[in-house]
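Reading through the structure tokens given below for one structure.
Just follow the structure's listing: the first ligand is 1, and inside any ligand the first atom is 1. Numbers for residues simply follow the sequence, beginning at 1.
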Amino acid sequence: MEPVTVVLAELVERHRADTAGDVARYIPELARADPHAFGLAMVSVQGHAYQAGDAAAAFTIQSVSKPFVYSLALSELGLAEVARRVGFEPSGEPFNAISLEAGTGRPANPLINAGAIVTTALIGGDGEAAFERIRDTLSGFAGRRLTVDEDVYRSEAATGDRNRALAYLTLSQGVLERPAQQACDVYFRQCAIEVTAVDLAVMGATLANGGRNPVTGRRVVDADAAGATLSVMATCGMYDHSGEWMLRVGLPAKSGVGGGVCAVSPGQFGVGVFSPPLDPQGNSVRASAVLRELSAELGLHVLRHTERARSPLQAVRTDHGAHHLELLGDLGFAAAEEIVHCVRRLARDQPRPLVTVDLSHVTAVRPIARRLLADCAAGLRARTTVRFVDPAGLVRRPSTDRSDTPGERAERAE
Ligand code: GLU
């Protein structure tokens, strides 16, 4: 199996047994979700996609739609105009809290319900046109045409009195741009859009890539809107758990009560997770646990970033069927993922090519990077010879690696 996929599959297996939490029930149709479903997907800003578990299972996007609609509003109106109606401060309160800023009447941020309804109401056109504009944008982020789960939409429309109350409250404060019922209807439809973990990963990768979808190559929102959206996700994305999330996981993210979470490693990856049982804050239990581990293992915490962000591949030279990859700098997960992808592509080119990976100018290798390179070489053994030029012994072939304890290997990587 492809080495990055193996890492994701292991993460899913490790967390599958965690059965804590319960599916959302306040929207009756969501109570039918399968608590065992569990999928994980990752997409790089080069558009490489990886997945494990039930990553192709469909569920409703719910609150994960909020940052993407915010980025659309920012793209259409600009930050100053949007900020007149919705702020950017974490409320520290639950998603459906009645929290409006004293003085301005603005909802605290676009990721709590009051702020999301106000943001949705900023999208131009009548109700139908506004919804289609939102659907087109979310489809652009996902790179495919997204559909609506009509049952979930009807279920929320029939029971969403608290959201209607929030809409009327914002209307009374003069920050809601549409009739309250219409604003809620568009918002409920937006929440009922169906996605998969893979879709959330592509959507996250589009934000990570400054607003251009790395799979389709199409620009969806401008880079300023993408950056502002990530900032708000970093501070407000995980409901009243956002502070601890930033401390422990360190990735801008947004969760939804359908069990989805989209997390973003800016400039590197989008990650999508799906698992319906939620904790008391409304965040998916397995998604939170798996993202915490993924961030630590892959070294993705944005504020603990010590690796060079630029590509480690200095040159790829090909001479009579032999390929020579010259690497430079520190190799972390993103660097190793890029190298593995490149080596596997070269290995497909012709029968039994020789691929030399030159680490003479590499300064440090994270354990996860060492593992991916070794697994890549081992996995291709039958059809390609992958040779490491490794004077400092930073990456060893697994067969000669037996005397190393994990501790010794980790130490060398520092
Ligand atoms: N449609 C849901 C609501 O407004 C979304 C909540 C969520 O995912 O946090 O209640």
For this session: Using a strict cut-off of less than 4.0 Å between a Lys/Arg side-chain nitrogen and an Asp/Glu carboxylate oxygen, indicate whether E338 and R344 qualify as a salt bridge.
Result: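 Between R344 and E338 there is no salt bridge, as every charged N stays at least 4.0 Å from the carboxylate O atoms.
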Problem set entry | Close residues, ligand 1: non-hydrogen atom nearer than 4.0 Å |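 Within the 4.0 Å shell of ligand 1, which is judged on heavy atoms, sit Y26, Q62, S63, F95, N113, E156, N163, Y187, C191, Y239, G256, V257.
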Exercise. Taking only residues two or more places apart in sequence, or in another chain, which ones meet R178 in a side chain to side chain donor-acceptor pair (under 3.5 Å)?
Worked result: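 Side chain to side chain donor-acceptor pair (under 3.5 Å) list for R178, sorted by chain: Q182.
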Exercise. How are the rings of F269 and F333 set to each other: parallel, tilted or perpendicular (split at 30° and 60°)?
Worked result: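 The arrangement is tilted - the two ring planes meet at 30° to 60°.
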Problem set entry | Sequence-distant partners of D54, salt bridge (Lys or Arg N to Asp or Glu O under 4.0 Å), two or more places apart |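 Per chain and number, D54 pairs via salt bridge (Lys or Arg N to Asp or Glu O under 4.0 Å) with no residue.
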For this session: Just grab all the side-chain hydrogen bond (donor to acceptor under 3.5 Å, both in side chains) pairs involving residues 205-228, residues at least two apart or on different chains.
Result: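 Qualifying pairs: S75-D222.
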For this session: Kindly indicate whether a cation-pi arrangement holds for R16 with F38, taking the cut-offs as under 6.0 Å to the six-membered ring centre and within 45° of the axis.
Result: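 Geometry flag: not set, cation outside 6.0 Å or 45°.
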